[in-house]
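After the structure tokens below, expect a handful of questions from me.
Lettering of chains follows the sequences in order, A, B, ..., and the numbering in each one begins at 1. Keep in mind that what you see is a predicted model, and the values were worked out from it rather than measured.
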Amino acid sequence: MSKGHATAWAQLPVSLNQLCLATVLRCGQSFRWKASGPDEWSCGFSDRIISLRQSPTHLHYRATFPSPPPKSAKDDTAEIVKDYFNLSIDLAALYEKWSLADPNFKKKAGEFKGVRMLRQDPWECLIGFICSSNNNISRIGQMVDKLCATYGTPLGTITHTSTNPLSPSSPSSENKTPPTEVAYYSFPTIEALTTPDVEETLKKLGFGYRAKYIYKTACMVHKDRPKGFLNTLRDEKDYKEAHAELIQFMGVGPKVADCVCLMSLDKMGAVPVDTHVWQIATRDYKFGKGKHRSLTPVVYEAVGDLFRELWGDAAGWAHSVLFTADLRTFSDRLENTKTTTTTTVKSKTKVKVEVKEEEEDEKIKLEDVKVEEVEGEEVKTIEKRVRKRGANGEVKAEVVVKTEEVTERRTRRRRG
DNA sequence: ACTGGACCTGCCCCG
DNA sequence: CTACGCAGGTCCAGT
């Protein structure tokens with residue numbers, strides 16, 4: 001495969017308060033950006049590969065076109081980049097507003113500046129988040145890569161240089177890995193995923209039950225909807241209308257629909273409520289005061305309403321900041337986590353739980369507590385996750401959980 | 001309306 | 001080093 005034709009690097013004036021590339025491209029909005037070098041990122045678009053770098057004052061970009069470059073391919077990369085990053089929206093002003101309305105946001109946002117919503121292609125966004133259900137980010141990325149390599153259009157290759165953060169730019173570093181050529185592809189068109197082989201092929205590629213969802217959804221969009229349907233949801237439908245349309249598709253529930261609304265359809269008030277956001281709502285905002293057993297559709301909407309009332313029209317944008325702060329990938333920014341001890345206790349009968357803490361100082365921090373119980377003779381389940389650490393970041397304290405009739409008990413450790 | 005299960009698979013951490 | 005739990009949910013059948 002050819003390396004293609006790369007344009008010269010160009011730049012747009014963008015501050016780190018407006019955009020933090022390394023955060024936004026890794027926080028699970030898009031699953032397709034690859035680190036192509038130290039502080040360099042690349043992604044295949046419809047007819048070109050776009051590569052990005054960032055300085056404190058500028059966003060640097062360049063395009064690599066397939067060779068020979070199509071005559072139609074004039075370099076409108078700047079427009080694509082501005083659109084993709086929603087750069088017309090003043091993120092710093094929004095942070096000010098959210099910080100004023102919410103002390104918790106203000107506290108968390110300090111370490112997470114420049115977290116903005118991308119404005120992705122609705123089709124890609126839809127399929128990407130169908131892949132995300134009951135799944136982990138690592139595998140989602142792999143699945144989307146396979147999808148593009150199998151059904152997308154080859155766009156050429158990019159030379160990847162060492163991305164190991166432990167071996168920075170110094171060329172003499174022994175740790176550095178040799179450059180490699182990495183192939184890039186466009187995201188598959190709608191039609192490309194409607195061929196009869198798609199479900200079986202994706203199953204073989206490890207998509208599991210999502211293979212059927214993707215195939216069915218592609219067929220629905222292609223055959224049962226007007227041309228350009230998804231894009232009309234952006235301009236011609238409001239949030240509720242778009243959401244209602246999206247959950248008609250196979251494999252698309254309220255959470256995935258909100259992701260598509262927020263990340264590709266300009267619905268800034270859409271708040272995708274996943275396990276993280278549910279956790280944030282109950283832990284940091286005392287939502288429901290522990291009364292809710294599960295995330296039913298009613299509760300789901302109530303959580304979104306809570307955040308919309310708190311943060312206003314662009315609540316989905318604000319939510320992304322706190323969601324990102326909650327990701328383990330970035331956990332080192334809020335606290336220097338070394339070790340976490342998690343204790344899970346399950347019991348078939350009534351359970352007494354006491355959590356003893358040395359109340360010596362406020363360095364001890366209750367990170368994460370979830371309690372679920374069902375009335376009657378049924379199963380009571382208590383899950384408590386408690387982190388305590390000293391000023392230097394060392395975890396020093398442990399949780400004491402006392403129970404009766406314990407039937408199952410696990411303890412696990414994590415490194416951060 | 002709400003609840004409980006099943007669901008593909010690969011990664012991560014536990015014994 | 002293998003195994004169980006889990007991962008940015010959704011669908012389906014029963015109350």
Could you state the CZ-C1' distance from A/F129 to C/dA7, rounded to the nearest angstrom? 14 Å

Which part of the nucleic acid does A/C131 contact within heavy-atom distance under 4.0 Å: base, sugar-phosphate only, or nothing? nothing

Distances under 3.5 Å between protein N/O atoms and the N/O atoms of nucleotides 8-10 of chain B, please, pair by pair.
unit_1, atom_1, unit_2, atom_2, d
B/dC8, O4', A/Y209, N, 3.4
B/dC8, O2, A/R139, NH2, 2.8
B/dC8, O2, A/R210, NH1, 2.8
B/dC8, N3, A/R139, NH2, 3.3
B/dC8, N3, A/R210, NH2, 3.3
B/dC8, N4, A/N134, ND2, 3.2
B/dT9, O4', A/R139, NH1, 3.0
B/dT9, O2, A/R139, NE, 3.3
B/dT9, O2, A/R139, NH2, 2.9

Starting from P on C/dG9, measure out to CE on A/M143 and report it in whole angstrom. 13 Å

Determine the contact category for A/F249: base if any of its heavy atoms lies under 4.0 Å from a base atom, sugar-phosphate if only primed atoms, P, OP1 or OP2 are that close, otherwise nothing. sugar-phosphate

What's A/V256 touching, base or sugar-phosphate or nothing? Going by heavy atoms closer than 4.0 Å. sugar-phosphate

Work out how far the P atom of B/dA6 is from that of C/dC6, and round it to whole angstrom. 15 Å

Take the angle between the ring planes of A/Y213 and A/Y209 and call it parallel below 30°, perpendicular above 60°, tilted in between. perpendicular

Write down the distance between CG (A/L126) and P (C/dT10), rounded to a whole number of angstrom. 11 Å

Between A/K108 and A/D326, is the closest basic N to carboxylate O distance under 4.0 Å? no

Report the C-alpha distance between A/F105 and A/F307 in whole Å, list the side-chain angles of each, state the deciding distance to 0.1 Å, and finish with yes or no for ring-ring contact (aromatic ring centres under 6.0 Å, His included). CA-CA 11 Å; A/F105 181 94; A/F307 289 128; over 10 Å; no

Indicate, yes or no, whether a donor-acceptor pair under 3.5 Å links the base of C/dG9 to the side chain of A/K255. no

Nearest whole Å is fine: how far is C/dC6 P from A/I137 CD1? 18 Å

Say you pick atom P in C/dC1 and the same atom in B/dT9; how far apart are they, in whole Å? 26 Å

Would you check if the side chain of A/R116 reaches a backbone N or O of A/Q18 as a donor-acceptor pair within less than 3.5 Å? yes

Rounded to whole angstrom, note down the P distance from B/dC13 over to C/dG8. 13 Å

Let's see if you get this right: which residues in residues 294-308 of chain A place a heavy atom under 4.0 Å from DNA chain C? none

Of A/Y213 and A/I140, whose closest DNA chain C nucleotide lies nearer the 5' terminus? A/I140

In whole angstroms, the gap separating P of C/dG8 from CZ of A/R26 amounts to 15 Å

Looking at A/K223, I'd like to know if its NZ atom is crowded, meaning that more than 12 non-hydrogen atoms belonging to other residues, nucleotides or ligands lie closer than 6.0 Å. yes

For A/N231, which residues count as a side-chain hydrogen bond (donor to acceptor under 3.5 Å, both in side chains) partner, sequence neighbours excluded? none

Pairing string, 5' to 3', for DNA chain C - Watson-Crick or wobble contacts under 3.5 Å, brackets [ ] where pairs cross, | to another strand: |...|||.|||||||

Taking A/K82 first and then A/E79, would you say they form a salt bridge - that is, a charged N and a carboxylate O separated by under 4.0 Å? yes

Rounded to whole Å, please give me the gap between CD1 in A/I130 and C1' in C/dC11. 13 Å

Starting at CG of A/L327 and ending at P of C/dC6, how long is that distance when rounded to a whole Å? 19 Å

Output the rounded distance in Å from CZ (A/F323) to C1' (C/dG9). 13 Å

Could you pull out all residues at least two apart from A/C20 that satisfy side chain to side chain contact (heavy atoms under 4.5 Å, CB included)? A/T23

Quick check: do A/F187 and A/T153 have side-chain heavy atoms less than 4.5 Å from each other? no

Residues A/R32 and A/E124 bridged, charged N to O under 4.0 Å: yes

Indicate yes or no: does A/D258 engage A/K267 in a salt bridge with an N to O separation below 4.0 Å. no

Rounded C1' spacing from C/dC11 to B/dG10 in Å: 23 Å

Using a strict heavy-atom distance below 4.0 Å, which residues from residues 237-247 of chain A are in contact with DNA chain C? none

Determine, for A/R48 against A/D76, whether the closest basic-nitrogen to carboxylate-oxygen distance falls under 4.0 angstrom. yes

Quick check on A/E191: does its CD atom have over 12 non-hydrogen neighbours (other residues, nucleotides or ligands) under 6.0 Å away? no

Is the cationic atom of A/R53 (NZ for Lys, CZ for Arg) positioned less than 6.0 Å from the six-membered ring centroid of A/W9 and within 45 degrees of its normal? yes

Students often get this wrong, so: under 4.0 angstrom with heavy atoms, is A/G251 touching a base, only sugar-phosphate, or nothing? sugar-phosphate

Verify ring-ring contact (aromatic ring centres under 6.0 Å, His included) between A/Y185 and A/Y151, making sure each step is shown before the conclusion. CA-CA 9 Å; A/Y185 302 86; A/Y151 292 105; over 10 Å; no

